[in-house]
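All values derive from a computational prediction rather than experimental measurement. Order of the sequence lines sets the chain letters (A, B, ...), proteins ahead of strands, with each chain counted from 1.
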There are 2 protein chains.
Amino acid sequence: MARKSGSRADVTGPAIRRAAETLFAKHGYAAVSMRQIAAEVGVRAGAIYLYTPGKQTLLFELMRDHLEALLEEVGRASADDGPVNELNAFIRCHVGYHFDRRDAVFLAYMELRNLSAENFALIEGLRRKYEDQLERILVDGKREGCFAFEDSRVVTMALIAMLAGVHVWFRDGGRLSRNEVEEIYADLARRMVAAT
Amino acid sequence: MARKSGSRADVTGPAIRRAAETLFAKHGYAAVSMRQIAAEVGVRAGAIYLYTPGKQTLLFELMRDHLEALLEEVGRASADDGPVNELNAFIRCHVGYHFDRRDAVFLAYMELRNLSAENFALIEGLRRKYEDQLERILVDGKREGCFAFEDSRVVTMALIAMLAGVHVWFRDGGRLSRNEVEEIYADLARRMVAAT
DNA sequence: GTCTATAGATGGATAGAC
DNA sequence: GTCTATCCATCTATAGAC
C-alpha cells in the first residue's frame, strides 16, 4: 500500500527536472518559461509548483546534483595509483560524462550567471572542489617528476576548458566512439603536462 | 556645418552598443532588458530604437563585428612563415583578444543560442572560417612534419575550447602579464600538436 | 494531483509631444 | 534626438475548483 494507484507524483517530478534540463541546455535558463517546461511534461504551468518552489531552485538543484555526482565519480575513478593514471582517469571520466549527461555538463558551466547570489556561492564551491582535485593531481605529478609544466593553475584551467569544449562538436553516434574520444583527450592532456 | 551642435547621435549609438556588450556578457542576452541598456547609457528605452531595429540586431551586430575583426587580425598575424610560427601567432592573437575585447570574445561563443535562425547561420559561417583557419595550420604542419597528432578536427576544437576558457579565470591586473599568458598558452598548444 | 483563472510585474516595441 | 506614455504580449507564481 505504498503508493496511490493512479498517482503520478513519482513520475511527474523527475519528468519536470528532465524537461527543465533539456530546455535550459537548449535555449538557456532565462529564455525558457515555466509554461514551456510544463508543456514538455504534459501538465499545466501551475502543477510545476507542486514539485519545486520555483524556476531558480529548479536550475540550482540540477547543477548541484550534477556536480555532486561528478565529484563522487571522479573521486572513485582516480583512486590512488600514481599521477599519470589518476590524470587519465580524471579526463576519461569527464569526457565520458558528455556521453551520459550531456545537458547536465553543459548547464553546469553555462548557467552560472543565472544563479542567485547564495546559490552561486554553493555551486562555485563545488566547481572549485572539482578544479582543486585536478590541480592536486598535477602538482603531485610535478613533484614526483612525472609531469613538467610552469603554472599549475593555468594548466588546470586550460584542461578543464578543453574538456568543457567537447560539447561543442560532440554528437552521439558520430564518427568517433566513446572510447576513441576519451583516448584522444587523455592523450592531449598527457602532452600538455609532458607526462613521462 | 557638418553636424548640429548639441546633437549626440555620434555618441549615443556607440554608447548603446558598448552598454549592450557589457550587459549581455554579464547577465546573458535573454536576461537583459532594453530598459537596462537605456539606463546604462542615460537615455530612455524608446531612444534606443533610433539606433537599432531591436535587441536581436544589437546582439547579432556585436557578434558579427567582433568575429570579422578577429578573422582579419588572425589573417594578418599568421602570415606565411611556417606552421610553427603561424600556430604561435594564432594562439597569441586569440589570447590577446581576451585582454582587449574580453566581453566581445565571451559573447561570440556564449550567445549563439539566442540568435535567430538566419543570424545564427551567418555567425556560424564566420566561426567556421575561424576554426578552418586554425585547422589548416595544423594540417599543413602535420604534412610538413612539424606537428604530430591523430585527428586534426578534434585537436582544432580542443585548442579553441582551451583558448575560449581564458575568460573563466583571467582578470585584468592579475598576477600574470599579457605576454606571460600568451606564452603559456602558445606553449600548451605546441605541446598538444607535438611541435618540433 | 492537476486543472482553470488570474494577480501582479515586466518585457519589447511604438506613437506622438517637444 | 530624446522624452513620456502606452500597447500588448508574456512572465512567475498563487488561489481555489474539482
Just say parallel, tilted or perpendicular for the rings of B/His94 and B/Tyr130, cut-offs at 30° and 60°.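 Aromatic pair B/His94/B/Tyr130 classed tilted.
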Proximity to the side chain of B/Leu50 - top-ranked nucleotide from D/dC3, D/dG1, C/dT2: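 That would be D/dG1.
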With sequence neighbours excluded, residues passing ring-ring contact (aromatic ring centres under 6.0 Å, His included) with B/Phe120: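 B/Phe120 satisfies ring-ring contact (aromatic ring centres under 6.0 Å, His included) with no residue once adjacent residues are dropped.
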Could you go through residues 142-165 of chain A and list every donor-acceptor pair under 3.5 Å that involves a side-chain atom there, pairing it with any protein atom two or more places apart or in another chain?
{"unit_1": "A/Lys142", "atom_1": "NZ", "unit_2": "A/Phe149", "atom_2": "O", "d": "3.0"}
{"unit_1": "A/Lys142", "atom_1": "NZ", "unit_2": "A/Glu150", "atom_2": "O", "d": "3.4"}
{"unit_1": "A/Arg143", "atom_1": "NH2", "unit_2": "A/Asp140", "atom_2": "OD1", "d": "3.2"}
{"unit_1": "A/Asp151", "atom_1": "OD1", "unit_2": "A/Arg153", "atom_2": "N", "d": "3.1"}
{"unit_1": "A/Asp151", "atom_1": "OD1", "unit_2": "A/Val154", "atom_2": "N", "d": "3.1"}
{"unit_1": "A/Asp151", "atom_1": "OD1", "unit_2": "B/Arg175", "atom_2": "NH2", "d": "3.1"}
{"unit_1": "A/Asp151", "atom_1": "OD2", "unit_2": "B/Arg175", "atom_2": "NH1", "d": "2.6"}
{"unit_1": "A/Asp151", "atom_1": "OD2", "unit_2": "B/Arg175", "atom_2": "NH2", "d": "3.2"}
{"unit_1": "A/Ser152", "atom_1": "OG", "unit_2": "A/Glu135", "atom_2": "OE2", "d": "2.8"}
{"unit_1": "A/Arg153", "atom_1": "NH1", "unit_2": "A/Glu135", "atom_2": "OE1", "d": "2.7"}
{"unit_1": "A/Arg153", "atom_1": "NH2", "unit_2": "A/Glu131", "atom_2": "OE1", "d": "2.6"}
{"unit_1": "A/Thr156", "atom_1": "OG1", "unit_2": "A/Ser152", "atom_2": "O", "d": "2.7"}

Transitive ILVMFWY cluster of A/Met110 at side-chain heavy atoms under 4.5 Å: who else is in it?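 Via sub-4.5 Å side-chain contacts, A/Met110 links to A/Phe106, A/Tyr109, B/Phe106, B/Tyr109, B/Met110.
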Applying salt bridge (charged side-chain N to carboxylate O under 4.0 Å, His left out), can you list everything that pairs with B/Glu124, at least two apart in sequence or on another chain?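 B/Glu124 satisfies salt bridge (charged side-chain N to carboxylate O under 4.0 Å, His left out) with B/Arg127 once adjacent residues are dropped.
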Partners meeting salt bridge (charged side-chain N to carboxylate O under 4.0 Å, His left out) with A/Glu180 (sequence neighbours left out):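 By the salt bridge (charged side-chain N to carboxylate O under 4.0 Å, His left out) rule, A/Glu180 matches no residue at all.
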Round to a whole Å and report the spacing from CD of B/Gln36 to P of C/dG11.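 B/Gln36 atom CD is separated from C/dG11 atom P by 7 Å.
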Nearest whole angstrom, please: distance from the C1' of D/dC11 to the CG of A/Leu58.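 It works out to 15 Å between those atoms.
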With a cut-off of less than 4.0 Å, is there a side-chain N or O of A/Arg44 near OP1 or OP2 of C/dT2?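 Indeed not, no polar side-chain atom of A/Arg44 lies that close.
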Verify the contact: side-chain N or O of A/Thr12 to OP1 or OP2 of C/dT2, cut-off strictly under 4.0 Å; return yes or no.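 Answer yes for this pair, as a side-chain N or O of A/Thr12 is under 4.0 Å from OP1 or OP2.
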Footprint string (nucleotides 12-18 of chain C, 5' to 3'): B base within contact, S backbone only, - free, heavy atoms under 4.0 Å: BBB----
